[in-house]
Amino acid sequence: MPGTNLTRQEAIARRGVVVGTPDYRVSLDVTKGPETFDSTTVVTFEAVPGSSTFLDLTADEVQSVTLNGEALAVSEVYADSRIELAGLKEANTVTVTARGRYSKTGEGLQRTLDPADGNVYLYTQFEVPDARRVYAVFDQPDIKSTFTFDVKAPASWLALSNTPVAGSDEVPGALTEPGTLADRPAEGVRHWRFETTPVMSSYLTALAIGPYVERRSTYANPDGRTIDMGLYCRRTLGDALERDADYLFDVTKKGFTFFAAQWDVPYPYAKYDQVFAPEYNSGAMENIGLVIVHDRFMFSSKVNDFDLEDRDRTLLHELAHMWFGDLVTMKWWNDLWLNESFATFMGYLAGCEAVGWPDDWASFCSCQKYATIDADQRPTTHPVVAPINDLNDTYVNFDSITYTKGASVLKQMVYYVGREAFFKGIHDYLTRMAYGNATLDDLLDSLQRASGRPMRDWAERWLEHSGMTMIEAKADTDDQGAITRLTLTQSAPAEYPVLRPHRLAVGFYDLDETSGKVERTARFELDLDGESADVPEAVGLRRPDVILVNDDDLTYTKIRLDEASRGFAAEHLPQFAAPLARAVIWQSFWSMTRDGEFPAERFIDLCLKALPTESQAATFTYSMREMQITAQHYVPAERRVGTMRHISEELWRLIGEAEPGSNEQFQLINAYLAKYAADADFEAHARGLLDGSLAFEGFAVDDGVRWVILRSLAARGFLSEEDIDRELAKADTSKNRENALAAKAAIPDPQVKARFWDMMIHDESLSHTQLWEMAPAFNADLGCEDLYEPYARRYFDEAEWIWKNRSFHVADVLLRFLYPENAPAALLVELGDAWLESHPAETTDNALRRLVIDAVDGSRRAAPSGTRQPLSPCFRLPSLRGA
């Protein structure tokens with residue numbers, strides 16, 4: 001529907017017509033059955049007299065439209081998700097009644113049935129503009145408005161919105177169709193009314209409705225107000241909420257205190273609820289006063305320390321948005337980074353300084369920058385402040401450049417202007433622009449006033465140009481090993497030749513023979529603006545074992561260690577005492593491996609050597625991921641199976657040596673099962689863990705681990721669909737349904753693959769989270785190129801159909817994860833180049849082309865194909881034995 005793809009020029013034109021602050025009265029009735037709901041919207045707004053504009057609305061049926069008391073013919077004014085409004089007066093009132101459709105993929109008003117107990121849960125997701133799927137609205141961020149919601153829902157349910165409840169009461173009538181909302185007897189109806197919101201953007205409005213379990217608390221705001229707080233989840237996760245509620249409230253309260261202190265702006269809203277929602281299509285969303293969080297963060301099974309950190313940072317990220325993004329909102333989506341980069345940066349800062357994760361910046365380096373440096377070297381890289389011509393451009397810019405490169409630039413900005421001046425500028429920005437819309441220039445004005453440093457040239461080079469630079473160190477020494485000159489050199493790729501100003505540190509590291517640790521012995525902080533800069537303080541000092549560029553990870557750049565430092569670091573990486581130094585060095589080796597400058601198999605050996613003693617959870621997690629990518633794509637094809645088996649055997653050995661009950665033991669076992677599963681004894685090991693005949697002290701096979709094992713067995717051809725169904729019947733939950741579908745999609749049988757390919761593309765009953773699990777599982781690496789070769793052609797034949805016929809969030813998952821990366825790389829490059837040539841930028845949606853370009857670029861980087869033996873018997877499907 002082209003009408004849903006609002007262009008920037010259309011938004012500017014509409015803002016020129018709609019003046020002032022509109023007011024919305026939105027009434028929803030969710031008692032009408034399992035497919036649709038009723039929506040009534042009354043919009044009061046001022047406009048330029050005699051002008052025309054349009055409301056956004058995506059609905060199954062528009063029943064009536066009334067403008068200033070005159071009934072309009074729906075067939076004449078409603079088309080392509082827009083309601084045309086002509087002949088506007090200075091003051092206008094529009095009333096729209098419509099029937100909307102519940103979503104399965106998280107856009108608009110999501111409806112989820114929990115199969116474990118039959119309860120139904122509703123919640124909204126409106127970013128990027130999908131409020132139009134629930135009510136009629138001027139759906140763009142710079143038409144800030146006030147909203148008053150009311151909801152009719154089953155009497156036993158709760159209803160939540162951005163503001164506190166103004167009142168609720170049972171109303172005449174009953175649900176006349178028992179079983180349509182859940183497998184429950186008929187019940188009455190309750191009418192919920194909410195207080196009017198402060199001025200806000202429509203994409204931040206929200207509702208959550210259903211039989212949620214709740215926990216309550218309060219926070220004493222620095223301005224003297226008491227902030228009501230709530231935590232909510234579905235009933236089948238109630239035990240997990242009961243276990244974690246006090247901790248989650250504590251993290252949130254520490255975030256409140258930390259952010260208010262840093263910016264000298266107390267939390268601005270009346271309440272703060274966090275709803276852990278099923279089948280959510282994102283990690284979380286910063287709706288004012290009602291944050292929606294994916295309920296994968298409501299842990300019902302054991303998780304590793306990285307997952308615990310990630311949950312805290314996610315909650316802190318969304319909380320930071322209450323100020324930066326919600327109180328002050330971007331004018332248009334080209335400044336999306338103002339929201340996401342800042343919240344990412346503040347989430348890590350609060351995790352490190354307020355919540356109890358002191359190594360959070362090591363996590364940032366290993367986890368966030370890992371993906372960003374990759375994305376920033378692809379053909380589809382873009383500036384942090386990207387040109388956004390329409391909403392489709394916005395969708396594909398929800399990426400690691402927007403979030404993480406932007407956060408890295410903000411971290412660098414703090415060191416450029418100084419921390420005190422930086423937060424003084426943020427205070428000015430938040431108070432000056434409160435409840436309004438802002439641009440990058442508004443932020444730069446505040447920072448320049450606070451710091452006295454010129455910001456526009458700095459920001460232009462960092463934020464408005466694509467790509468990244470690389471910094472290397474060169475040390476000249478005399479005959480006694482003393483440094484006579486230490487020089488940093490910055491270079492940029494030819495296609496993005498902009499050199500950036502860096503405030504960075506150089507660290508000297510030496511092996512302490514007594515402790516056996518590599519410790520920092522000196523640190524120099526300096527500015528590098530241009531091609532080179534000397535470090536005069538280093539002259540006369542003995543050359544250390546390692547000269548580490550970008551020590552403490554202050555700036556955003558690729559680094560290359562000099563030859564001597566590189567050789568020492570490769571041998572002694574596990575001995576570096578500082579987690580952040582290890583992370584910076586590890587990522588340098590990964591960058592070199594990805595760029596073809598460091599042998600792939602040597603990188604794998606480095607990882608296997610360093611993993612046994614790596615205690616930083618994110619570094620451990622992402623190094624394991626980098627090792628897997630290297631083995632599957634960068635090792636020459638004829639040696640990949642042998643390499644995977646070698647890693648698998650080494651991981652099994654390390655599991656036996658790991659401390660019982662440790663995070664490292666837990667991660668090693670899960671990595672062995674989920675990522676490698678390649679040694680000759682894998683089936684015996686997996687079945688032994690499953691039936692209890694094999695056990696490790698301190699490690700329990702809970703439901704989460706059980707499905708890791710089952711999915712791995714299925715992917716290796718050791719389970720049939722019938723076996724998986726029997727396993728699902730033992731605990732039929734929504735999460736296990738996702739696991740079961742993923743396990744089936746992974747089965748290496750041509751007929752199964754064909755059926756699941758068609759199912760994922762065409763079956764609209766599948767939820768977003770089911771597809772999120774199924775699509776990557778479909779592409780399990782088995783060394784069976786012939787299994788995936790047919791899908792190389794199918795992918796390119798069907799890519800455009802997927803884009804045009806599925807919602808963006810579904811198309812994004814399918815086009816990213818169904819790309820058959822395990823088909824012959826040369827074939828994928830050939831077909832991909834042909835597709836791109838036949839789908840030029842002039843006639844093809846930019847977002848679709850970007851997805852395809854990224855996919856093909858990964859194949860282009862893969863090692864050349866050679867003779868490759870299958871990792872497992874790809875087409876043999878024995879029944880489940882002994883399980």
Side-chain angles (χ1 to χ4, degrees), residues 144 146-149 158 160-166 194-201 204-206 208 214-232 241 244-276 284-293 311-329 339 342-343 345-356 420 422-436 438 446:
K144 281 197 165 184
T146 55
F147 301 83
T148 307
F149 289 96
L158 294 175
L160 304 165
S161 189
N162 304 94
T163 52
V165 174
F194 297 93
E195 295 178 6
T196 300
T197 71
V199 176
M200 61 186 292
S201 298
L204 295 167
T205 59
E214 69 175 323
R215 284 288 304 272
R216 307 292 308 167
S217 187
T218 58
Y219 173 72
N221 215 37
D223 61 6
R225 294 180 299 128
T226 296
I227 306 300
D228 287 326
M229 303 173 66
L231 293 168
Y232 300 84
L241 177 61
D244 290 350
D246 289 343
Y247 176 81
L248 296 175
F249 278 131
D250 183 61
V251 168
T252 307
K253 291 175 185 180
K254 286 176 177 175
F256 275 134
T257 302
F258 182 77
F259 294 146
Q262 297 302 308
W263 307 324
D264 192 23
V265 179
Y267 177 71
Y269 302 112
K271 71 176 183 71
Y272 195 73
D273 291 330
Q274 298 172 93
V275 177
F276 291 80
M285 177 61 200
E286 66 270 18
N287 313 305
I288 289 174
L290 181 62
V291 172
I292 308 292
V293 186
R311 178 172 68 177
D312 286 0
R313 279 193 302 270
T314 299
L315 299 186
L316 293 167
H317 176 110
E318 306 309 329
L319 179 58
H321 272 308
M322 295 299 120
W323 290 262
F324 214 101
D326 293 6
L327 182 64
V328 181
T329 311
N339 290 10
F342 194 85
F345 169 74
M346 291 304 303
Y348 275 92
L349 188 68
C352 184
E353 298 186 6
V355 173
E420 182 178 351
F422 178 80
F423 284 122
K424 181 180 177 182
I426 297 302
H427 169 82
D428 177 73
Y429 174 80
L430 291 175
T431 53
R432 185 166 54 91
M433 308 301 296
Y435 298 102
S446 292

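We use all heavy atoms of the structure for the numbers below, so side chains are in, but hydrogens, waters and symmetry mates are not. Throughout, numbering of the chain's residues begins at 1 and tracks the sequence. The model shown is predicted, which means the values in this text are computed figures rather than measured ones.
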A.B. asks: Evaluate Asp428 against Lys424 for salt bridge (Lys or Arg N to Asp or Glu O under 4.0 Å), listing each step before the verdict.
C.D. replies: CA-CA 6 Å; Asp428 177 73; Lys424 181 180 177 182; over 6 Å; no
A.B. asks: Are Asp312 and Tyr247 linked by a side-chain donor-acceptor pair shorter than 3.5 Å?
C.D. replies: yes
A.B. asks: Look at the rings of Phe422 and Phe342 and say which category their plane angle falls in: under 30° parallel, 30 to 60° tilted, over 60° perpendicular.
C.D. replies: parallel
A.B. asks: Suppose we screen for salt bridge (charged side-chain N to carboxylate O under 4.0 Å, His left out). Which residues come up paired with Asp244, at least two apart in sequence or across chains?
C.D. replies: Arg311
A.B. asks: Taking Asp273 for its side chain and Met229 for its backbone only, find out whether a donor-acceptor pair lies under 3.5 Å.
C.D. replies: no
A.B. asks: State, without any angle test, whether Thr196 and Thr148 hold a side-chain donor-acceptor pair at a distance under 3.5 Å.
C.D. replies: yes
A.B. asks: Using only heavy-atom distances, determine whether the side chains of Lys271 and Thr163 contain a donor-acceptor pair under 3.5 Å.
C.D. replies: no
A.B. asks: Of the options Thr205, Leu327, Asp326, which is the one that meets Ile288 in a side chain to side chain contact (heavy atoms under 4.5 Å, CB included)?
C.D. replies: Asp326
A.B. asks: Identify, with sequence neighbours excluded, every residue that meets salt bridge (charged side-chain N to carboxylate O under 4.0 Å, His left out) alongside Asp228.
C.D. replies: none
A.B. asks: Do Tyr219 and Thr257 meet the criterion of a side-chain donor-acceptor pair at a distance under 3.5 Å?
C.D. replies: yes
A.B. asks: Tell me, yes or no, whether the heavy-atom count around Glu420 atom CD, taken from other residues, nucleotides or ligands under 6.0 Å, exceeds 12.
C.D. replies: no
A.B. asks: Please verify the inter-ring angle class for Tyr269 with Tyr267; under 30° counts as parallel, over 60° as perpendicular, anything in between as tilted.
C.D. replies: perpendicular
A.B. asks: Would you call the rings of His321 and His317 parallel, tilted or perpendicular, taking 30° and 60° as the class edges?
C.D. replies: perpendicular
